[in-house]
Amino acid sequence: MNFTLYIARRYLFSKKSHTAINIISGVSVCGVAIATAALVCILSVFNGFEEMVAGLFTAFDPELKVVPAEGKYMAADEGELELLRKNEKVAVYTEVIEDNALLMINNRQAMVTIKGVDDNFEDLTNINNILYGDGVFELHADVLDYGVAGVSVLQQLALSVDFDQPIKVFAPRSGERIDMADPRESFNEEELYSPNVGFMVKQGKYDAHYVITSIGFARRLFERQGYVTAVELRLKPNASVASVKSELKSLLGPKYEVLDRYEQQESTFKIMKIEKLISYIFLTFILMIACFNIIGSLSMLIIEKKDDAVTLRNLGANSRQISSIFMLEGRMISMLGATVGIIIGLILCLIQQEYEVIRFGSQEGAYIIDAYPVSVHLLDIVLVFATVVIVGFVSVWYPVKSFTEKFAK
């Protein structure tokens, strides 16, 4: 065993002449362990929320979405898009038109996003998992067009899912100014009927703003025959989203953007990542405060072992070796606290996953979920351990160097 490591280990675990040093050493380990456990738990909770939100969007968002890099519309028959349709890794290819429109019924109105989709939209997403009502997901029948509205859209219009009157839909005519004498002449007007179902993603972005209908209806309303705003894709089960995304970006070139689910909801997930980063930074500061206990413990130990340092110097040890002994002890305290803290944090996360100890409220179903979600990521555990070790190493370097130079002379 290395000489300095052997002495440091003896100093760490041996009984000191002053009980206070043992107590402070124990407090140091506990302080680092508690801060480490807090880091593990907080980062895991943020992971849980991120996965929960991603799961909510999965029912509505496609695995990959192709949009024009510039402008809003693109021709549906462009050669690059035809290559997508024939790609062997693409299982479902859906043309989409999204644009804003005004809904009116019974003297109530709401501004919404009309999302016109192909008939295979059910195969593209898990839309059936978020439907409610007695009907089925339908986009059109004979000469009628159906509108599947978000729950909050229906609330704004004071409607149930089985409304019996058609909703009037208005959109500005392409290239025309509004005629103030008769504004309705400047708008295209269509009607949507009820399929006796609505949808609830549990996200205001969709529930309060979206109505799903057929792409034929959207093209008539917005006067965009032969155009799309996006192409949405579902991949075959054995295809990797990341690799297919990279392949499609190379295939389509700079005219198009290929977005995965996280990029489709970039603002939402960016905010969550920023919150996670800020929490990590604050807890790291708390960890630094906990490391001051290590400095106090080592300072008292150096003072107690002053005579030992002189003896070691007389036996041939140099100042660097003597300093390394106390450096190693400080690092061992940090690593011990980090290890204990990670174990405690993992146990707490497991308990929360299995038993949902910390809940949002006593009433079941009052929130989207009943308890705080937890998801432990190996990368976070490595990050926490590295943070604790680095902060511990840095915090003890100067004090130990200064004290050993003073007392080892």
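Worth saying up front: this structure is predicted, and the values here are computed from it rather than measured.
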(request) Kindly check if the number of other-residue, nucleotide or ligand heavy atoms within 6.0 Å of OH (Tyr73) is above 12? (result) yes

(message) Less than 4.5 Å apart, side chain to side chain, heavy atoms only: is that true for Gln265 and Lys205?
(response) yes

(message) Under a 3.5 Å distance rule, please check whether Asp118 uses its side chain to pair with a backbone N or O of Asn120 as donor and acceptor.
(response) no

(request) Answer yes or no: is there a donor N or O on one side and an acceptor on the other, between the side chain of Glu80 and the main chain of Leu251, under 3.5 Å? (result) no

(request) For residues Asp77 and Leu81, determine if any side-chain heavy atom of one lies less than 4.5 Å from a side-chain heavy atom of the other. (result) no

(request) Assess whether ring pair (Phe, Tyr, Trp, His ring centres under 6.0 Å) is satisfied between Tyr372 and Phe360, documenting all intermediate values. (result) CA-CA 7 Å; Tyr372 279 88; Phe360 287 106; 4.5 Å; yes

(message) For Leu43, is there any backbone N or O sitting under 3.5 Å from a side-chain donor or acceptor partner on Asn47?
(response) yes

(request) State plainly whether the residues Asp145 and Arg220 are in salt-bridge range, i.e. N to O under 4.0 Å. (result) yes

(message) Has Glu63 got a side-chain atom pairing as donor or acceptor with Leu233's backbone, closer than 3.5 angstrom?
(response) no

(message) Within the 4.5 Å heavy-atom criterion, are Val40 and Ile381 side-chain neighbours or not?
(response) yes

(message) Nearest 0.5 Å, please: how far is CG in Leu221 from CD in Glu189?
(response) 10.0 Å

(request) Kindly say whether Arg108 contributes a backbone atom to a donor-acceptor pair with the side chain of Asn106 at under 3.5 angstrom? (result) no

(request) Give the minimum heavy-atom separation between Ser334 and Gly392, together with the two atoms involved. (result) OG-CA, 3.3 Å

(message) For the CZ atom of Arg85 and the OG1 atom of Thr94, what is their distance to the nearest 0.5 Å?
(response) 9.5 Å

(message) For Val96, is there any backbone N or O sitting under 3.5 Å from a side-chain donor or acceptor partner on Thr229?
(response) yes

(request) With sequence neighbours excluded, tell me which residues meet side chain to side chain contact (heavy atoms under 4.5 Å, CB included) with Glu70. (result) none

(message) Can you tell me how far apart NZ (Lys245) and OG (Ser240) are? Round to the nearest 0.5 Å.
(response) 11.0 Å

(request) Give a yes or no on this: more than 12 heavy atoms of other residues, nucleotides or ligands lie within 6.0 Å of atom CZ of Phe282. (result) no

(message) Has Ser279 got a side-chain atom pairing as donor or acceptor with Glu275's backbone, closer than 3.5 angstrom?
(response) yes

(message) I'd like to check Val169 versus Val112 (side-chain heavy atoms, cut-off strictly below 4.5 Å). Are they in contact?
(response) no

(request) To the nearest 0.5 Å, tell me how far Leu139 CG sits from Ile212 CD1. (result) 8.0 Å

(message) Could you check whether Asp380 and Tyr280, counting side-chain N and O atoms only, form a donor-acceptor pair closer than 3.5 Å?
(response) no

(request) Take Phe57 and Tyr206, measure what ring pair (Phe, Tyr, Trp, His ring centres under 6.0 Å) needs, and give me the verdict at the end. (result) CA-CA 9 Å; Phe57 286 132; Tyr206 291 138; 5.8 Å; yes

(message) Show the nearest heavy-atom pair for residues Ser375 and Gln353, with the distance to one decimal.
(response) CA-NE2, 4.1 Å

(request) Can you spot which of Arg219, Lys72, Arg224, Lys115 makes a salt bridge (charged side-chain N to carboxylate O under 4.0 Å, His left out) with Glu98? (result) Lys115

(request) Evaluate whether atom CG of Asp134 has more than 12 neighbouring non-hydrogen atoms of other residues, nucleotides or ligands under 6.0 angstrom away. (result) no

(message) Is there a side-chain contact (heavy atoms from CB on, under 4.5 Å) between Val258 and Glu263? Walk through the geometry before answering.
(response) CA-CA 9 Å; Val258 183; Glu263 290 170 329; over 6 Å; no

(message) Applying side-chain contact (heavy atoms from CB on, under 4.5 Å) to Leu131 and Val148, what does each step give before you reach the verdict?
(response) CA-CA 9 Å; Leu131 296 179; Val148 182; 4.1 Å; yes

(request) Please name the pair of heavy atoms, one in Cys41 and one in Cys349, separated by the smallest distance, quoted to 0.1 Å. (result) CA-SG, 4.0 Å

(request) Decide yes or no for Cys291 and Met288: does some side-chain heavy atom of the first lie under 4.5 Å from some side-chain heavy atom of the second? (result) no

(request) For the pair Asp207 (side chain) and Gly150 (backbone), establish whether a donor and an acceptor sit closer than 3.5 Å, ignoring hydrogens and angles. (result) no

(message) To the nearest 0.5 Å, what is the distance between CD on Glu88 and NZ on Lys86?
(response) 14.0 Å

(request) Examine distances only and state if a side-chain atom of Arg234 and a backbone atom of Asp123 form a donor-acceptor pair shorter than 3.5 Å. (result) yes

(message) If I compare all heavy atoms of Val244 with all of Ala239, which pair ends up nearest, and what's the gap?
(response) CG2-CB, 4.0 Å

(request) Keeping the roles fixed (side chain from Asn188, backbone from Arg173), state whether a donor-acceptor pair exists under 3.5 Å. (result) no

(request) For side-chain contact (heavy atoms from CB on, under 4.5 Å), just list the numbers for Met104 and Gln109, CA-CA rounded to whole Å, side-chain angles, deciding distance to a tenth of an Å, and then say yes or no. (result) CA-CA 4 Å; Met104 292 186 64; Gln109 60 186 30; 3.9 Å; yes

(request) Write down the atom of Gln264, the atom of Leu64, and the distance for their closest heavy-atom approach. (result) NE2-C, 4.1 Å

(request) Sort and list the pairs that fulfil salt bridge (charged side-chain N to carboxylate O under 4.0 Å, His left out) and have at least one residue in residues 265-274, not counting sequence neighbours. (result) Glu50-Lys273, Glu266-Lys270

(message) Any non-hydrogen side-chain atom of Gln203 less than 4.5 Å from a side-chain atom of Thr268?
(response) no

(request) Quick one: pull up CD1 in Ile130 and CZ in Phe60 and give me the separation to the nearest 0.5 Å. (result) 6.5 Å

(request) Determine whether Val32 and Leu287 make a side-chain contact, defined as any pair of heavy atoms from C-beta on separated by less than 4.5 Å. (result) yes

(message) With heavy-atom distances below 4.5 Å as the criterion, would you say the side chains of Glu232 and Lys65 are in contact?
(response) yes

(request) Measure across Ala37 and Ile344 and return the closest heavy-atom pair with its distance rounded to 0.1 Å. (result) CB-CG2, 4.1 Å

(message) For Met335, I'd like to know if atom CE has over 12 heavy atoms of other residues, nucleotides or ligands within 6.0 Å.
(response) no

(request) Go through the steps to decide whether Met111 and Leu102 satisfy the test side-chain contact (heavy atoms from CB on, under 4.5 Å), and finish with yes or no. (result) CA-CA 5 Å; Met111 283 297 301; Leu102 175 68; 3.9 Å; yes

